[in-house]
Amino acid sequence: LVESSVYLANSADSYWILDEDLRPIVNTKYPYMRYLDTDLMAVSNGNNWYLFIPSKFEYYNHEFERCDLESAHRSSIIIRDEDKLYLWSKKSNKLFPEPFKSIESVWNDNGEFYIVSKKNKYGILDSSLKYIQYCQHDSIENLGSFYRFSNNGMFGIMNGKGIIVLDEE
């Protein structure tokens, strides 16, 4: 299998990642390995999972208990680690540093966004994985070009960029 000038070699019980000269990129064999996307792999040493970026021949230094593909989108990948969800940016090859309880990919006139939740509060990230609204709302609902949010039973509207245009009433 060839992806981005990276070769995967396998035996009955292990995988190795080889460069274009068929040399091991790291001197480690992995019992488990799979592609999450065309340029992102999940590899496991049997205890923890790690992310590997084949085109750059580098690992992303974050340990996962499990690493399952939840869903792939145009600008990001949602990765499940047990009961936590992480966002991986395809643009910057970076993992958003905080896990979330839920992630919903939504589109509006301004592009792709993510309604995220943690500790029962909701926020919005843009496609570069920057907060446009921090996780401070009781709920957020996508209405196309706008979002409806609630706090303590009061509702308001924000535009597609997360700017409040109608305060809670």
Side-chain angles (χ1 to χ4, degrees), residues 3 8 10 13-15 17 26 28-56 58-108 110-144 146-156 158 160-162 164 168:
E3 289 282 341
L8 301 180
N10 72 318
D13 64 347
S14 300
Y15 292 89
I17 303 172
V26 290
T28 304
K29 60 182 185 176
Y30 298 99
Y32 308 104
M33 178 181 296
R34 64 178 170 266
Y35 275 95
L36 299 177
D37 198 53
T38 55
D39 199 32
L40 184 63
M41 297 174 68
V43 296
S44 174
N45 59 12
N47 296 320
N48 293 305
W49 287 85
Y50 303 90
L51 298 176
F52 177 71
I53 308 162
S55 65
K56 296 185 176 196
E58 65 185 32
Y59 285 90
Y60 190 82
N61 191 19
H62 181 90
E63 290 185 357
F64 295 92
E65 293 175 34
R66 280 185 61 82
C67 191
D68 295 318
L69 176 65
E70 181 75 13
S71 58
H73 303 277
R74 182 177 297 175
S75 59
S76 70
I77 298 170
I78 299 174
I79 299 168
R80 177 171 293 284
D81 182 17
E82 298 294 334
D83 62 343
K84 297 174 283 216
L85 295 172
Y86 289 88
L87 266 170
W88 174 266
S89 170
K90 291 182 183 182
K91 293 178 184 177
S92 63
N93 280 333
K94 299 275 190 229
L95 188 72
F96 190 81
E98 305 166 32
F100 297 103
K101 182 178 179 184
S102 69
I103 301 171
E104 177 188 358
S105 174
V106 297
W107 284 88
N108 66 34
N110 297 301
E112 187 174 19
F113 291 84
Y114 304 94
I115 298 174
V116 296
S117 73
K118 60 183 179 178
K119 298 181 183 174
N120 296 321
K121 294 292 183 179
Y122 291 81
I124 303 173
L125 298 172
D126 66 14
S127 63
S128 63
L129 304 188
K130 292 187 172 100
Y131 276 111
I132 62 169
Q133 278 289 319
Y134 289 98
C135 293
Q136 61 190 6
H137 304 287
D138 295 337
S139 70
I140 296 178
E141 179 185 356
N142 180 31
L143 301 176
F146 294 91
Y147 298 101
R148 180 178 148 182
F149 66 94
S150 70
N151 290 319
N152 299 319
M154 306 293 276
F155 293 91
M158 60 183 105
K161 295 182 180 181
I164 295 174
E168 302 168 35

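How far OH of Tyr131 is from CD of Gln136: 10.0 Å, rounded to the nearest 0.5 Å. Expressed to the nearest 0.5 Å, how far CZ of Phe96 lies from NZ of Lys130 amounts to 10.5 Å. Rounding to the nearest 0.5 Å gives a distance of 4.5 Å between CD1 of Ile79 and CG of Leu51. Ile53 contributes atom CD1, which lies 11.5 Å from atom CG of Asp37 (distance to the nearest 0.5 angstrom). Atom CG of residue Leu95 and atom CG of residue Leu129 lie 9.0 Å apart, to the nearest 0.5 angstrom. Residue Leu143 holds its CG atom at 10.5 Å from CG of Asn108, rounded to the nearest 0.5 Å.
Of all heavy-atom pairs spanning Trp107 and Asn142, the tightest one is O-ND2, 3.8 Å. What you find for Ile140 and Met158 is that their closest heavy atoms are CD1-CE, 4.4 Å. Nearest heavy atoms, Ser139 versus Ser150: OG-OG, 2.7 Å. The shortest heavy-atom contact between Leu87 and Ser76 is CD2-OG, 3.6 Å. The two residues Phe100 and Cys135 make their nearest non-hydrogen contact at CE2-SG, 4.4 Å. In terms of heavy atoms, Leu36 sits closest to Cys67 at CD1-SG, 4.0 Å.
Between Phe149 and His137, the two ring planes are tilted [angle within 30° to 60°].
Although no hydrogens or angles enter the test, the distance criterion places a donor-acceptor pair under 3.5 Å between the side chain of Asp81 and the main chain of Arg66. No side-chain donor-acceptor contact under 3.5 Å links Glu104 to the backbone of Ile115. Ser44 places a side-chain N or O within donor-acceptor distance of the main-chain N or O of Asn48, the cut-off being under 3.5 Å.
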Test log, rule side-chain contact (heavy atoms from CB on, under 4.5 Å), inputs Arg34 and Trp49: CA-CA 11 Å; Arg34 64 178 170 266; Trp49 287 85; 3.1 Å; yes

Stepwise side-chain contact (heavy atoms from CB on, under 4.5 Å) check, Lys101 with Asn120: CA-CA 8 Å; Lys101 182 178 179 184; Asn120 296 321; 3.6 Å; yes

Worked verdict on Tyr147 versus Val106 for side-chain contact (heavy atoms from CB on, under 4.5 Å): CA-CA 10 Å; Tyr147 298 101; Val106 297; 3.8 Å; yes

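Annotation for Lys90: atom NZ counts as buried by contact number, over 12 foreign heavy atoms lying within 6.0 Å. Residue Tyr32 qualifies as open at atom OH: its count of foreign heavy atoms under 6.0 Å is 12 or below. Remark: Tyr122 OH is loosely packed, at most 12 non-hydrogen atoms of other residues, nucleotides or ligands lying under 6.0 Å away.
Put simply, the residue from Ser105, Ser102, Ser75, Ser127 that forms a side chain to side chain donor-acceptor pair (under 3.5 Å) with Tyr114 is Ser75. In summary, of the residues considered (Trp88, Tyr86, Tyr50), a ring pair (Phe, Tyr, Trp, His ring centres under 6.0 Å) with His62 occurs for Tyr86 alone. For the side chain to side chain contact (heavy atoms under 4.5 Å, CB included) with Glu70, the qualifying choice from Ile103, Ile77, Ile78 is Ile78, the only one to do so.
Between Lys121 and Asp138, the closest side-chain pair of non-hydrogen atoms falls below 4.5 Å.
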